[in-house]
There are 2 protein chains.
Amino acid sequence: MAGDAPLSTSFSDWQARGFDAAACPVRNVLDRIGDKWTTLVLTALAAKPRRFNELHRIMPDISKRMLTQTLRDLERDGLATRHVFPTKPPSVEYRLSPLGQSVLAPLGALVEWADRNYATIREARARFDAAAELRSGPN
Amino acid sequence: MAGDAPLSTSFSDWQARGFDAAACPVRNVLDRIGDKWTTLVLTALAAKPRRFNELHRIMPDISKRMLTQTLRDLERDGLATRHVFPTKPPSVEYRLSPLGQSVLAPLGALVEWADRNYATIREARARFDAAAELRSGPN
DNA sequence: CGGGATCCTGCAAGATACTG
DNA sequence: CAGTATCTTGCAGGATCCCG
């Protein structure tokens with residue numbers, strides 16, 4: 001598999017240069033991806049631009065506060081843009097920037113991996129938990 | 001760009017079937033990737049198997065507690081395996097399972113994206129913050 | 001060496017209420 | 001409609017000590 005070569009080599013590169021986790025680009029960006037909602041919002045915006053409440057309706061289990069914050073972060077990072085239409089009442093549309101669109105491919109690959117291997121992972125978890133229960137509380 | 005088609009279509013698929021965030025495979029898996037340390041540990045194990053304190057030495061800013069927990073989670077999900085050698089004192093080696101190795105490619109793609117676009121993102125942030133400061137506190 | 005057990009703290013994030 | 005403001009809490013995660 002060719003995919004892992006870049007990862008391991010880049011790791012030894014970072015190591016060699018003295019690794020600073022706080023300034024690490026990868027951490028910095030992956031922290032966002034790992035955000036509870038970022039990936040979901042990105043995905044929702046992938047299809048087409050959407051308005052605030054439209055997003056909220058699509059993802060009912062995110063609070064307005066968190067949706068606002070997630071969108072702000074995306075805007076701040078230049079992944080999404082915000083367009084206000086001064087209608088009555090006001091409507092605000094969010095859309096992916098070119099940069100935002102460019103992350104869809106790698107992100108999509110990861111999502112696809114997650115989808116394909118979820119069953120396997122669930123089985124692994126079940127086995128692990130069963131084994132752990134035997135060890136600690138075989139009542 | 002062909003990469004975003006899968007993402008947006010899979011999103012509408014989820015939508016159509018009634019979307020449950022708690023059971024969402026993607027969330028479930030990406031939560032792990034988003035963990036503070038998971039990606040880093042995965043990357044460290046990509047090159048070769050490593051022992052506990054070896055990992056700790058490589059990543060000094062992770063506490064033993066968190067390293068243990070991260071490794072346990074990886075083991076639980078079937079991404080890594082744990083091998084105990086009953087020497088004196090004991091030594092424990094962690095290595096990626098085939099499943100763990102299979103995530104390196106998509107994860108690597110994302111890491112590469114992060115690396116390539118980090119400068120752009122930093123600039124976007126700086127611009128956004130400067131603009132925000134003008135709006136709120138132009139003293 | 002490779003952890004487990006415990007204590008403690010800050011901040012992420014939900015709930016609720018208000019506004020232009 | 002599209003947010004902000006404030007309060008409150010859970011729990012991730014660091015520090016510390018102990019153990020086989």
Side-chain angles (χ1 to χ4, degrees), chain A residues 21-22 27-28 30-41 44-45 49-76 80-95 128-129 131-137, chain B residues 21-22 27-28 30-41 44-45 49-76 80-95 128 131-133 135-137:
Chain A
R27 265 285 281 294
N28 225 297
L30 286 197
D31 275 0
R32 288 295 159 82
I33 301 298
D35 262 18
K36 262 191 140 154
W37 306 109
T38 304
T39 300
L40 203 51
V41 171
L45 291 178
R50 307 214 190 236
R51 292 173 47 188
F52 186 87
N53 275 355
E54 189 183 355
L55 287 168
H56 201 192
R57 252 174 278 119
I58 292 178
M59 302 166 286
D61 54 343
I62 179 176
S63 66
K64 284 200 296 185
R65 181 166 146 41
M66 280 301 99
L67 179 55
T68 300
Q69 183 178 306
T70 302
L71 288 167
R72 277 284 176 286
D73 286 343
L74 289 177
E75 193 192 353
R76 190 172 106 97
T81 55
R82 182 173 176 270
H83 307 272
V84 183
F85 300 100
T87 56
K88 39 104 188 170
S91 72
V92 179
E93 192 183 77
Y94 293 89
R95 59 177 64 202
F128 185 91
D129 292 347
E133 199 170 341
L134 279 184
R135 260 179 261 114
S136 72
Chain B
R27 265 286 281 293
N28 226 295
L30 287 197
D31 275 0
R32 288 294 159 82
I33 301 298
D35 263 17
K36 261 189 139 155
W37 306 109
T38 304
T39 300
L40 202 51
V41 171
L45 291 178
R50 305 213 191 238
R51 290 174 48 191
F52 186 87
N53 275 354
E54 188 183 356
L55 287 168
H56 201 192
R57 252 173 279 119
I58 291 180
M59 304 167 286
D61 54 342
I62 179 175
S63 66
K64 283 203 296 185
R65 180 166 143 54
M66 281 299 99
L67 180 55
T68 300
Q69 185 178 306
T70 303
L71 288 168
R72 278 284 175 285
D73 286 342
L74 289 178
E75 193 193 353
R76 189 171 105 98
T81 55
R82 182 172 177 270
H83 306 271
V84 183
F85 300 100
T87 56
K88 38 104 187 166
S91 72
V92 178
E93 192 183 77
Y94 293 89
R95 58 177 65 202
F128 184 91
E133 199 171 341
R135 261 179 260 115
S136 71

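Convention: sequence-line order gives letters A, B, ...; per-chain numbering from 1.
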Listed nucleotide nearest any side-chain atom of [X], set [options]:
| X | options | result |
| --- | --- | --- |
| B:N53 | D:dG14, C:dG2, D:dA2 | C:dG2 |
| A:P89 | D:dG3, D:dC1, C:dA13 | D:dC1 |
| A:K64 | C:dC1, C:dG4, D:dG3 | D:dG3 |
| A:P90 | C:dG20, D:dG14, C:dA13 | C:dG20 |
| B:R82 | D:dA2, C:dG3, D:dG14 | C:dG3 |

What is the distance, to the nearest angstrom, from the [atom1] atom on [X] to the [atom2] atom on [N]?
| X | N | atom1 | atom2 | value |
| --- | --- | --- | --- | --- |
| B:R57 | C:dG2 | CZ | P | 8 Å |
| A:E54 | D:dA2 | CD | P | 9 Å |
| B:R27 | C:dA13 | CZ | C1' | 12 Å |
| A:D31 | C:dA13 | CG | C1' | 16 Å |
| B:D73 | D:dG13 | CG | P | 10 Å |
| A:L71 | D:dC1 | CG | P | 16 Å |
| B:F52 | D:dG20 | CZ | C1' | 15 Å |
| B:L67 | C:dG3 | CG | P | 8 Å |

**Message:** Please check this pair: side chain of A:T39 against backbone of A:I33, looking for a donor-acceptor N/O pair closer than 3.5 Å.
**Reply:**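 Yes, A:T39 side chain to A:I33 backbone: donor-acceptor pair under 3.5 Å.
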It should be established whether [X] places a side-chain nitrogen or oxygen under 4.0 Å from OP1 or OP2 of nucleotide [N].
| X | N | value |
| --- | --- | --- |
| A:K36 | C:dG14 | yes |
| B:S63 | D:dG13 | no |
| A:R65 | D:dA5 | no |

**Message:** In the structure I gave you, are the side-chain heavy atoms of B:F128 and A:D73 within less than 4.5 Å of one another anywhere?
**Reply:**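 Counting from C-beta outward, B:F128 and A:D73 never come under 4.5 Å.
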**Pairwise side-chain contact, B:T70 with B:L40, heavy-atom cut-off 4.5 Å (strictly under)** =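 Heavy-atom side-chain distance check fails, nothing below 4.5 Å.
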**Message:** Considering every strand and a 4.0 Å limit on heavy-atom distances, what is the contact class for A:Y94: base, sugar-phosphate, or nothing?
**Reply:**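 Contact class for A:Y94: sugar-phosphate only.
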**Request:** Sort out for me which residue in B:R82, B:H83, B:R51 forms a side-chain hydrogen bond (donor to acceptor under 3.5 Å, both in side chains) with B:Y94.
**Result:**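 It is B:R82, the one option of B:R82, B:H83, B:R51 that forms the side-chain hydrogen bond (donor to acceptor under 3.5 Å, both in side chains) with B:Y94.
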**Item:** Salt-bridge contact A:E54-A:R57 (side-chain N to carboxylate O under 4.0 Å)
**Value:**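 Answer for the salt bridge query: no.
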